[in-house]
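Notes follow once the structure below has been shown.
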Amino acid sequence: HLYAKILKPYLEDDRIPIVTYDAKLLYVFLGREKVNIKGMKWDVMLGCYLLNPSRNDLSLKSLIYDYLHEVVPEEEEKQAFSLVQGLYLLAQEMIKLLEKDELMPLYLNIEISVAKVLAAMELQGVRLDKAQLKAMGKELEARIEVLTDKIYILAEEEFNINSPKQLGVILFEKLGLPPVKKTKTGYSTNAEVLEFLADKHEIVQEILNYRQLVKLKSTYVDGLMNLINPKTKKVHTSFNQTITATGRLSSTEPNLQNIPIRLEEGRKIRKAFIPSKEGYILLTADYSQIELRVLAHMAEDQVLINAFKEGQDIHVRTAAEVFKVPMEEVTKEMRYHAKAINFGIVYGISDFGLAKDLGISRKEAKEHIENYFTRYAGVKNWIDNTIQEARNKGYVTTLLGRRRYINDILSKNYNLRSFAERTAINTPIQGSAADIIKIAMLRVYNKLVENKYKTRMILQVHDELVFEAPPNECSKIISMVKETMESAYPLDVPLKVDMQVGFNWYDLESIKG
DNA sequence: ACGATCACGTA
DNA sequence: GACGTACGTGATCGCG
């Protein structure tokens, strides 16, 4: 495009600061035109996101209304001028507010630079093996067909198995199964309910199997295939930098941050994710227990800090503390329970939630939590302080000063208040982990560019980065990525990164080191 | 056509 | 007296 060509010398002059709305979009557009824009500095969407990451409408019109108290006219002729003028004035207002809230370092050092990295990742894309997906689709189709017939026979009629409403009628009215749980609109038929009913009628397990396969085929096999760009033979996700309230990224069209891994059936989808060039390999690098390490650091909990410093299995250690036994005597069962407790802490635990998760009584769950807080007294203290801080200031912050307002923290409604308290606990933990991986992404990206490596960063999945690399760069990249990620933001505990390598995202081999 | 709801995939 | 956090997508269904 002509505009890109004409503007190229100005855009590539870094002495000219540029005000934008959605810098990443512009990076992607200009990247396609081979323009390496330099002066991108004030992005109103990104800045206003930092001012209030819970805000759901970040449209320019809405920002102009809220920050400048101006109404953008409806008429198209007047609108363009109003929006551009608004953008310029908004940038000045935003700068003032970022300064006031001490968000400028986060904005300048991290977020505005991350936008460029994300654009590069989106442009790079991820290669998918279409034949692999087609084969999986065929197989799933056949198995779904068999299950469908079996379900119709067991139900003694044909119905739409995909409709929770129709399924509810079959299960709870025709077959007389006990309705365990209700939704707003009728019977609940979710996996938890069906698992409870599984031994009461043969049809139930088949429904569960059916659901699993249909999910894989529709969302992953067909869904991914439809989004392959025929020109590049790749999928080019959008990484959204201004969606989550905690500072994490999100991914859409396709969402590449929820590709199955837990169940073997689903995990096979990952076989289709391959490097974009012959002979290249995939490299994954994931932070081990980053959220619990962040918690240990922020809470300054000496027990938790020592556990990580000594490289202990953190779930075994928590089991030892909660069940009051030596680490050598921790059973699998105890470790499993401790793992749920560790997860629960990060989410702002409740005895009810833990009891449900572990299938134990609420009383037992309560005792576990009390034991946890007795042994990890620093964590207990941090939680109390953080909730108090939320009450006093109205917001909580991450390690890098990212801010989230906690509106209902003083609510008289128990449910709203409890939810707010859990949010106040989870946000600094999840958000600080997000801060850290963003720093790591920037540094890794810069090193790839500086050293003119052919290796490319292609995905971020919250605590994991995925790269594709030519074989001759492999060993250098492995040590560079690991080192860079582990030193991205020094804490009172070590950050540990596990690395894997393989020819696709399924068959990965751990790298020792 | 679109939004709400349910269900379910990830960290 | 109901409940652990953060997301995105697909199918259905009822609305317009």
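Excluded from the calculations below are hydrogen atoms, water molecules and symmetry mates; all remaining heavy atoms, backbone and side chain alike, are included.
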> Using a cut-off of 4.0 Å on non-hydrogen atoms, how would the nucleic acid contact of A:R211 be classed: base, sugar-phosphate, or nothing?
Replying inline: sugar-phosphate
> In what stems does DNA chain C take part, counting only runs of at least 3 consecutive Watson-Crick or G-U pairs whose two distances fall under 3.5 Å?
Replying inline: B:2-11 with C:5-14
> Nearest to the side chain of A:T185 - B:dT5, C:dC3, C:dG14?
Replying inline: B:dT5
> Phosphate oxygens OP1/OP2 of C:dC13: is one of them under 4.0 Å from a side-chain N or O of A:S163?
Replying inline: yes
> Of all the choices, C:dC7, C:dC3, B:dG9, which nucleotide is nearest to the side chain of A:T244 once you look at every atom?
Replying inline: C:dC7
>> If you take the centroid of each ring, where Trp contributes its six-membered ring, are A:H315 and A:Y336 closer together than 6.0 Å?
In response: no
> Heavy atoms under 4.0 Å, any strand shown: does A:A245 hit a base, just sugar-phosphate, or nothing?
Replying inline: sugar-phosphate
> Expressed in whole Å, how much space separates the P atoms belonging to B:dA1 and C:dC7?
Replying inline: 30 Å
>> Of the listed nucleotides (C:dT9, B:dC6, C:dA2), which one gets closest to any side-chain atom of A:K215?
In response: C:dT9
> Where the side chain of A:N162 is defined as all heavy atoms beyond and including C-beta, which of C:dC7, C:dA11, C:dA6 is the nearest nucleotide?
Replying inline: C:dA11
>> Quick check for you: among C:dA6, C:dG4, C:dA2, whose closest atom lies nearest to any side-chain atom of A:T423?
In response: C:dA6
> Between A:T246 and C:dT5, does any side-chain N or O lie under 4.0 Å from OP1 or OP2?
Replying inline: no
>> Which residues pass the salt bridge (charged side-chain N to carboxylate O under 4.0 Å, His left out) test with A:D43, not counting sequence neighbours?
In response: none
> Is there a donor on the side chain of A:N258 or the base of B:dG9 sitting less than 3.5 Å from an acceptor on the other?
Replying inline: yes
> Would one find a side-chain N or O of A:Q430 under 4.0 angstrom from OP1 or OP2 of C:dC7?
Replying inline: no
> Quick one: the side chain of A:R404 and the base of C:dA6, do they pair up donor-acceptor inside 3.5 Å?
Replying inline: no
> Could you state the interatomic distance from OG1 (A:T397) to CE (A:M298), rounded to the nearest 0.5 Å?
Replying inline: 8.5 Å
> Side-chain N or O of A:S418 less than 4.0 angstrom from OP1 or OP2 on C:dG4?
Replying inline: no
> A:E464 near the nucleic acid: base, sugar-phosphate alone, or nothing, with a heavy-atom cut-off under 4.0 Å?
Replying inline: nothing
> Does A:S250 make a side-chain donor-acceptor contact with the base of C:dC7, cut-off 3.5 Å?
Replying inline: no
